[in-house]
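Below: the structure, in structure tokens.
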Amino acid sequence: MPDVRVLATGLEFPEGPVAMPDGSVLLVEIRGQRLSRVWPDGRKEVVASIPGGPNGAAIGPDGKCYICNNGGFSWIPTRNTVMPGPQPDDYIGGSIQRVDLQSGKVETVVSKCGEHALRGPNDLVFDHHGGLWFSDLGKRRARDMDVGAFYYVKPGMTEIVEGVHGILPANGIGLSPDEKTLYIAETPTARLWAYDLPEPGTVKPREVIYRGERGEPIAGLGGYQMFDSLAVEACGNICVATLISGCITVIAPDGSIVEQVPTGDRVTTNIAFGGPELKTAYITLSGKGELVTMDWARRGLPLNFLNR
């Protein structure tokens, strides 16, 4: 077990960590419906109240924090924690929102693509042009569920286009260092998909049986494990938070498994890199309600508009 250091406790299903240049960490609390900041001494402060289900966070070219809002979950108590459940009665619909970090003002950027409403936006990443890729997990109900998708909001944040629709629920999303490949983590199957990007905002066409197969499944885990959100290393490895087994699975671009780093929580949901040389991992343990950190063996990929 690596040296896991607890930075903050008492978080209400934390997700979407963003390691800021000042040493603080922004994160969302999905059940708490807020964007919070954790300081190096463990002090917590609320940046903004976000009704629904804030689920992922990223700093945009305007310096604001962009949020995936999944519209809300119902919550199911288990023996040791509280877990997200089906679509709740007070579901407000999915959207991408942005938060002014000084004032806490929240505004909605997009809530639909064409005639199709967003269902459950989950994770997001900016390319170096200022365009925003984000995944949509969809929502689960008592006897049916949505298929997943990912979308691209063009620079300027006024036009949205569909990347691929028809993925089994799409969770973590990330770009390769050269931004020519988009990675999507499929939650229930624990598969990692790679999509070729011939130009910004465009997925390379492929002959497929169904639309969700426009990418290549480069890795999959056996047994009962599920994928959540992800981050990319500077060398190109993809680090995927892995549920049930409670670890970070590190996958090389060719799909080989580099290692699985245990975290001590079966509900490990996300990872971000910060600190000197981006070799400190910040990990959300949503089952325990903790933000933890550990030294990382390799350097994280600098994020556009954040780690410059």
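What you see is a predicted model, and the numbers here were worked out from it, not measured in a lab. Along the sequence shown, the residues carry numbers beginning at 1.
The two residues Ala185 and Leu230 have their closest heavy-atom pair at CB-CD2, 4.1 Å. Pairing each heavy atom of Cys65 with each of Leu35, the nearest pair is SG-CD2, 4.1 Å. When all heavy atoms of Ile248 and Cys239 are compared, the pair lying nearest together is CG2-CB, 3.7 Å. Between Gly275 and Thr280, the closest heavy-atom pair is CA-OG1, 4.2 Å. Looking at every heavy atom in both residues, Ala170 comes nearest to Ile184 through CB-CG2, 3.9 Å. Here the shortest heavy-atom pairing between Leu306 and Pro21 reads CD1-CD, 3.7 Å.
The side-chain contact (heavy atoms from CB on, under 4.5 Å) check on Thr202 picks up Pro198, Glu199, with sequence neighbours excluded. In this structure Asp123 satisfies the side-chain hydrogen bond (donor to acceptor under 3.5 Å, both in side chains) test with no other residue, sequence neighbours excluded. Checked against side-chain hydrogen bond (donor to acceptor under 3.5 Å, both in side chains), Tyr151 has no partners two or more places apart in sequence or in another chain. Legend: residues meeting side-chain hydrogen bond (donor to acceptor under 3.5 Å, both in side chains) with Thr187, ordered by chain and number and at least two apart, are Asn171. Applying the side-chain hydrogen bond (donor to acceptor under 3.5 Å, both in side chains) rule to Asp89 yields no partners; only residues at least two apart in sequence or on another chain are considered.
Each of Asn270, Asn70, Asn69, Thr269 was checked for a side chain to side chain donor-acceptor pair (under 3.5 Å) with Asn55, and the lone residue meeting it is Asn70.
A side-chain donor-acceptor contact under 3.5 Å links Trp193 and Glu186. For the 3.5 Å distance criterion, the side chains of Gln260 and Thr249 qualify, holding a donor opposite an acceptor. Gln225 and Thr242 form no side-chain donor-acceptor contact under 3.5 Å, judged by distance and modelled atom types alone. Looking only at atom types and distance, the side chain of Thr284 has no donor-acceptor partner in the side chain of Glu15 under 3.5 Å away. Between the side chains of Ser111 and Ser95, no donor-acceptor pair of N or O atoms lies under 3.5 Å. Ser24 and Arg37 form a side-chain donor-acceptor contact under 3.5 Å, judged by distance and modelled atom types alone.
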Test Glu259 against Arg298 for salt bridge (charged side-chain N to carboxylate O under 4.0 Å, His left out), laying out the working first. CA-CA 12 Å; Glu259 63 177 334; Arg298 296 161 298 274; 2.7 Å; yes
Please assess Arg140 against Asp146 for the test salt bridge (charged side-chain N to carboxylate O under 4.0 Å, His left out), listing each intermediate value before the final yes or no. CA-CA 6 Å; Arg140 180 166 53 90; Asp146 301 317; over 6 Å; no
Salt bridge (charged side-chain N to carboxylate O under 4.0 Å, His left out) between Arg31 and Glu29, worked out: CA-CA 6 Å; Arg31 189 173 178 224; Glu29 296 182 66; over 6 Å; no
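A salt bridge links Asp295 with Arg5: the distance from a Lys NZ or Arg NE/NH1/NH2 to an Asp or Glu carboxylate oxygen falls below 4.0 Å.
When side chains are defined from C-beta on, Ile67 counts as touching Val99, because their heavy atoms get closer than 4.5 Å. When side chains are defined from C-beta on, Ser135 does not count as touching Pro121, because their heavy atoms never get closer than 4.5 Å. Side-chain contact between Met83 and Val267: present, with at least one pair of heavy atoms (C-beta onward) separated by less than 4.5 Å. Two residues are said to be in side-chain contact when any heavy atoms from C-beta on lie closer than 4.5 Å; Met20 and Leu101 meet this criterion. A heavy-atom distance below 4.5 Å is found between the side chains of Asp62 and Arg98.
The backbone N or O of Arg119 lies less than 3.5 Å from a partner atom in the side chain of Tyr91, making a donor-acceptor pair. The closest donor-acceptor contact from the side chain of Thr263 to the backbone of Thr268 lies at 3.5 Å or more, if one exists at all.
For Arg299 and Trp296, the positive end is not near the middle of the six-membered ring at less than 6.0 Å and at most 45° from its axis. Cation-pi geometry between Lys139 and Phe73 is met: the NZ or CZ atom falls under 6.0 Å from the ring centre, inside 45° of the normal.
Ring geometry, Trp133 versus Tyr152: the interplanar angle falls from 30° to 60°, so the pair is classed tilted.
A distance of 5.0 Å separates CG of Leu137 from CG of Asn122, quoted to the nearest 0.5 Å. The structure places CD1 of Ile50 at 6.0 Å from CD of Gln97, a figure rounded to the nearest 0.5 Å.
The hydrophobic cluster of Ile92 has no other members, since no ILVMFWY side-chain heavy atom comes under 4.5 Å of it.
Aromatic ring centres of Tyr66 and Phe134: separated by at least 6.0 Å.
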